[in-house]
Amino acid sequence: MTKFILNLVTFISLALLVIILILSILNYSNFSKTHFQNMPINNVSNSTCLNAKIDHLIVADNCKNATFLIAGSSMSLNNISGGIIQNRTNNIVYNLSSWAFKPKSTDYLIQSMNLEKIKYLLVAFNNVDFKGDFYQGSKEGITIDFKSTKYFINENIGKRIISILTKFNAKTFTADWTYRCKFQTVNNAQESIKFDKYGSVMLEHTGFKINMDRWKEGYKDTIGFYNSFLHDVTILDSTCNKNKIRLILVYLPNRPLLLTKNDKSKNKMISKILESKFGKRYLDMQNIEIPTRQFCDGMHMFRDGAESITNSIIDSLVNKKLINIEKVISKKK
């Protein structure tokens, strides 16, 4: 009798879980005003930000209809305004970026997507992105199951549900949900997953507490550029070419006075290599003057800094005739 009751309770619990998951997948928008919107739908990686981004993009109209994608790490997530690009270029924009997301992972991810509508892919980066990339099968860093990711992106409901059930972890589900709810509202670099409809995370001055350790830090060296970044971004460029997508690389500025003369010299050398390989599709924005007050640490910017650098990027794309549209809207004075 005890065994029967135990089996019955287990069956009912699993049935309720399946019902909740199916409702969350098929009727996600119905929970838009409740904390159900923060429910961890997938577990395709060990990155909270990436899991949240996959959950966001599968219901985001901007992702489904995008003609202009932004990708990369938090350098793109926090520092590039999808809204500014969409408003000024008349493209539909979505920001695929996630914490510590590198070119190799970006290449795997976009190959899981329908790329017929995509015309542009912008990857913003800084020296922090030169460190090694991690992907499915790695023993450290971010691990990603790109096969399951593809099920979510391409609306394969059956396999999506199977993926959810096989990857479900009862021990961490509640903690993940609580964590997700917290970081949906937090305003902090490398912690906020408060995506706007474009997939970007714009950080606000109000209520932001500067972390002095992050204020001083910055991955300033160029170690890893040759054996990781350059190799992987070249492969990403090849994928873009096959799909008639224009890859645009943007080297972002650091907070003023953060870099030494030696750091700047090394970065200049890297910049020359990228320019020789990618030509006008490479934008060196390191010398764009972003005021110190518009940085929240060594490399991440507040909204006003992100909007400023994004406007400068668009101006450069227009000057180089890299945006093939009928009209580019001038930025507000």
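Computation of the quantities below employed the complete heavy-atom set of this structure, encompassing side-chain atoms and omitting hydrogens, waters and symmetry-equivalent molecules.
Residues Asp129 and Val123 are not in side-chain contact: their nearest non-hydrogen atoms beyond the backbone lie 4.5 Å or more apart. Phe183 places none of its side-chain heavy atoms less than 4.5 Å from the side chain of Thr48. At least one side-chain heavy atom of Ser105 sits under 4.5 Å from a side-chain heavy atom of Phe101. Looking at heavy atoms from C-beta onward, Val233 lies out of side-chain contact with Phe225 at the 4.5 angstrom threshold. At least one side-chain heavy atom of Phe195 sits under 4.5 Å from a side-chain heavy atom of Ile193. Side-chain contact between Val186 and Lys194 is absent, with no heavy-atom pair separated by less than 4.5 Å. The shortest side-chain heavy-atom distance between Arg180 and Asp55 falls under the 4.5 Å cut-off. Side-chain atoms of Leu252 and Val250, non-hydrogen and from C-beta on, do get closer than 4.5 Å to each other.
Taking the centre and axis of the six-membered ring of Phe229, the NZ or CZ atom of Lys102 falls outside the cone set by 45° and 6.0 Å.
Under a hydrophobic-cluster definition in which Ile, Leu, Val, Met, Phe, Trp and Tyr are linked whenever side-chain heavy atoms come within less than 4.5 Å, directly or via other members, Tyr198 and Leu121 are assigned to different clusters.
With sequence neighbours excluded, the residues that form a salt bridge (charged side-chain N to carboxylate O under 4.0 Å, His left out) with Glu204 are Arg303.
By the neighbour-count criterion of 12 heavy atoms within 6.0 Å, atom CD of Glu191 is densely surrounded, having more than that number from other residues, nucleotides or ligands. With a 6.0 Å radius and a threshold of 12 heavy atoms from other residues, nucleotides or ligands, Lys320 has its NZ atom above the threshold. When the shell of 6.0 Å around CG of Asn319 is examined, it contains more than 12 heavy atoms from other residues, nucleotides or ligands.
Rounded to the nearest 0.5 Å, atoms CD1 (Ile118) and CD1 (Ile245) are 6.0 Å apart. Going from atom CG of Leu109 over to atom OG1 of Thr239 covers 11.5 Å, rounded to the nearest 0.5 Å. The structure places SG of Cys296 at 5.0 Å from CG of Leu203, a figure rounded to the nearest 0.5 Å.
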Go through Asp263 and Lys268 one step at a time and tell me if the salt bridge (charged side-chain N to carboxylate O under 4.0 Å, His left out) criterion holds. CA-CA 9 Å; Asp263 295 329; Lys268 187 176 181 179; over 6 Å; no
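The closest side-chain donor-acceptor pair between Asp107 and Gln111 falls under 3.5 angstrom.
Residue pairs meeting the ring pair (Phe, Tyr, Trp, His ring centres under 6.0 Å) criterion with at least one member in residues 230-264, sequence neighbours excluded: Phe125-Tyr251.
When each of Asn127, Asn254, Asp284, Asn126 is checked for a side chain to side chain donor-acceptor pair (under 3.5 Å) with Asn267, only Asn127 meets the rule. For the pairing with Asn42, the side-chain contact (heavy atoms from CB on, under 4.5 Å) check across Asn51, Thr149, Asp145, Leu50 returns one residue only, Asn51.
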